[in-house]
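Just below is one structure, and these are the notes that go with it.
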Amino acid sequence: MIKHLAIIMDGNGRWAQSRGLSRSEGHRAGAERIGKVVDAAMALGIKYLTVYAFSTENWKRPIEEVRYLMNLIPEFCTAKLPDMMKNGVRLRTIGRTDDLPAASRKVLLDTIEKTKDNDKFTLNIALSYGGRAEIVDAVNKILADGVKPGKIKEADFAKYLYAPDIPDPELMVRTSGEMRLSNFLLWELSYSELYVTETHWPDFDENELKKAIDSYMGRDRRFGGVKTK
């Protein structure tokens with residue numbers, strides 16, 4: 001069974017456009033969908049969910065859209081905190097979160113602190129995140145620690161990533177049909193199964209999640225080896 005699910009939440013803008021709504025309304029619907037998918041994932045026995053909310057490249061979007069997305073962060077935290085406490089959900093983040101506006105970051109960190117002892121489920125939100133940036137940041141930490149060349153192994157390197165205590169995802173889902181990783185969890189997804197659906201993120205529900213899980217369960221994972229009888 002899947003322990004860690006990763007999702008690229010794509011299609012908020014296209015979902016809104018198809019309904020004659022603004023992109024902002026699409027982002028709000030996408031934020032609301034996170035809580036519903038957390039509930040569905042918990043019901044299926046998943047322990048970790050990592051969602052790609054805002055990439056290092058997303059800072060290049062129009063300033064009004066970025067401002068709206070940054071304001072959604074404290075709104076989401078405030079609205080979802082009671083449910084997280086009730087259901088034992090721990091909130092964490094990965095990425096260069098120091099880049100976030102101070103007010104948004106404060107509420108985010110407060111929510112992380114309040115939920116830190118919850119142990120039934122972990123919601124890990126990638127904010128100002130890039131897979132290449134994560135690897136570069138890991139290398140810089142290694143250099144700062146004075147590790148000698150030739151001495152570091154893959155397992156050692158992994159300890160310097162943003163969330164070394166969270167297992168690699170078994171499955172990565174991308175909504176809205178795009179066939180690319182978009183700089184998401186480049187190290188951690190090395191042997192993950194990939195599932196792409198045409199469904200836009202705000203419409204991704206429990207049934208869509210079950211379709212992804214069913215696809216995963218029907219696959220033969222060999223991790224580069226061969227199947228033995």
Side-chain angles (χ1 to χ4, degrees), residues 1-19 23 25-61 65 69 72 76 92-95 121-135 161-163 166-221 223:
M1 188 56 187
I2 293 173
K3 190 173 184 179
H4 182 185
L5 172 68
I7 302 180
I8 297 178
M9 307 180 295
D10 200 10
N12 292 340
R14 277 162 282 181
W15 178 89
Q17 184 179 29
S18 70
R19 288 163 173 75
R23 287 182 60 83
E25 290 172 292
H27 290 312
R28 181 170 294 279
E32 281 298 316
R33 181 56 54 181
I34 295 173
K36 294 180 174 64
V37 173
V38 166
D39 292 341
M42 290 184 72
L44 290 170
I46 295 169
K47 296 298 184 183
Y48 302 90
L49 172 64
T50 297
V51 294
Y52 204 6
F54 192 87
S55 74
T56 50
E57 290 77 24
N58 287 157
W59 291 109
K60 296 181 286 187
R61 291 188 176 188
E65 182 173 353
L69 289 167
L72 267 182
F76 174 86
R92 292 181 60 174
T93 60
I94 54 173
F121 188 88
T122 296
L123 172 60
N124 190 34
I125 303 181
L127 289 164
S128 194
Y129 175 87
R132 290 182 175 182
E134 180 177 21
I135 291 170
L161 297 174
Y162 291 144
I166 294 180
D168 291 343
E170 292 91 352
L171 174 66
M172 191 283 284
V173 172
R174 180 163 192 154
T175 58
S176 205
E178 301 293 347
M179 301 292 288
R180 56 179 177 269
L181 291 178
S182 296
N183 199 20
F184 183 48
L185 299 178
L186 298 182
W187 178 277
E188 296 89 342
L189 292 179
S190 293
Y191 280 101
S192 302
E193 296 294 318
L194 308 182
Y195 178 87
V196 177
T197 175
E198 295 292 332
T199 302
H200 299 319
W201 171 246
D203 286 331
F204 189 85
D205 58 15
E206 182 179 1
N207 288 332
E208 291 295 328
L209 177 58
K210 287 180 178 178
K211 289 179 185 178
I213 301 297
D214 288 344
S215 174
Y216 168 84
M217 296 300 289
R219 301 185 190 185
D220 180 19
R221 306 187 76 209
F223 301 96

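- Judged purely by atom type and a 3.5 angstrom limit, Trp15 has no side-chain atom pairing as donor or acceptor with the backbone of Pro202.
- Side-chain atoms of Met172 and Leu181, non-hydrogen and from C-beta on, do get closer than 4.5 Å to each other.
- At a threshold of 4.5 Å between non-hydrogen side-chain atoms, the residues Leu189 and Pro169 count as touching.
- Asp203 meets the salt bridge (charged side-chain N to carboxylate O under 4.0 Å, His left out) test with Arg19; sequence neighbours excluded.
- Judged by distance alone, the side chain of Asn58 and the main-chain N or O of Ser55 form a donor-acceptor pair under 3.5 Å.
- Every residue two or more places apart in sequence or in another chain that forms a side chain to side chain donor-acceptor pair (under 3.5 Å) with Asn183 is listed here: Glu57.
- Not a single side chain to side chain donor-acceptor pair (under 3.5 Å) links Thr175 to another residue, sequence neighbours left out.
- Closest non-hydrogen pair, Leu171 versus Ala212, comes out as CD2-O, 3.9 Å.
- The minimum heavy-atom distance linking Phe76 with Ala31 is given by the pair CE1-O, 3.6 Å.
- In this structure, a donor-acceptor pair under 3.5 Å is absent between the side chains of Ser176 and Asp10.
- The stretch residues 176-188 participates, sequence neighbours left out, in these salt bridge (charged side-chain N to carboxylate O under 4.0 Å, His left out) pairs: Arg14-Glu178, Glu178-Arg180.
- The shortest distance between side-chain heavy atoms of Leu5 and Thr50 does not fall below 4.5 Å.
- Among residues two or more places apart in sequence or in another chain, the side chain to side chain contact (heavy atoms under 4.5 Å, CB included) test is passed with Arg23 by His27, Arg61, Glu65.
- By the side chain to side chain contact (heavy atoms under 4.5 Å, CB included) test, Met179 pairs with Val196, sequence neighbours left out.
- Every residue meeting the side chain to side chain contact (heavy atoms under 4.5 Å, CB included) condition with Ala126, not counting sequence neighbours, appears here in chain and number order: Tyr52, Ile94, Tyr129, Phe184.
- Shown here are the ring-ring contact (aromatic ring centres under 6.0 Å, His included) partners of Tyr195, two or more places apart in sequence or in another chain: there are none.
- Ser182 and Arg174 are linked by a side-chain donor-acceptor pair at a separation below 3.5 angstrom, with hydrogens and angles left out of the test.
- Atoms OG1 and CZ, on Thr122 and Arg92 in that order, are 6.5 Å from each other to the nearest 0.5 Å.
- Side-chain contact between Lys3 and Glu170 is present, with at least one heavy-atom pair separated by less than 4.5 Å.
- Considering OH of Tyr48 and CD1 of Ile166, their distance stands at 6.5 Å, rounded to 0.5 Å.
- A heavy-atom distance below 4.5 Å is not found between the side chains of Leu72 and Phe54.
- In this structure Trp187 satisfies the side chain to side chain donor-acceptor pair (under 3.5 Å) test with no other residue, sequence neighbours excluded.
- For Glu206, the side chain to side chain contact (heavy atoms under 4.5 Å, CB included) partners at least two apart in sequence or on another chain are Ala40, Lys210.
- Residue pairs meeting the salt bridge (charged side-chain N to carboxylate O under 4.0 Å, His left out) criterion with at least one partner in residues 25-39, sequence neighbours excluded, are Arg28-Glu75, Glu32-Lys80.
- Taking 4.5 Å as the limit, every side-chain heavy atom of His4 sits out of range of all side-chain heavy atoms of Lys47.
- Taking all atoms of both residues into account, the shortest heavy-atom contact from Gly30 to Asn12 is CA-OD1, 3.6 Å.
- The closest side-chain heavy-atom distance from Ile213 to Ile46 is below 4.5 Å.
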Please evaluate residues Leu194 and Tyr216 with respect to the criterion side-chain contact (heavy atoms from CB on, under 4.5 Å), reporting the C-alpha separation (whole Å), side-chain torsions for both, the decisive distance (0.1 Å), and the verdict. CA-CA 8 Å; Leu194 308 182; Tyr216 168 84; over 6 Å; no
Go through it in stages, so that I can follow the logic: the residues are Glu208 and Thr197, the test is side-chain contact (heavy atoms from CB on, under 4.5 Å), and I'd like the CA-CA distance, side-chain angles, deciding distance and then a yes or no. CA-CA 8 Å; Glu208 291 295 328; Thr197 175; 3.6 Å; yes
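- Here the OH-CG distance, from Tyr162 to Asn124, works out to 12.0 Å after rounding to the nearest 0.5 Å.
- In this view, Ser18 satisfies the side chain to side chain donor-acceptor pair (under 3.5 Å) rule with no residue, not counting sequence neighbours.
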So Leu44 and Ile2, side-chain contact (heavy atoms from CB on, under 4.5 Å) or not? Walk me through it. CA-CA 9 Å; Leu44 290 170; Ile2 293 173; over 6 Å; no
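- Distance NZ/Lys60 to OG1/Thr56: 8.0 Å, rounded to 0.5 Å.
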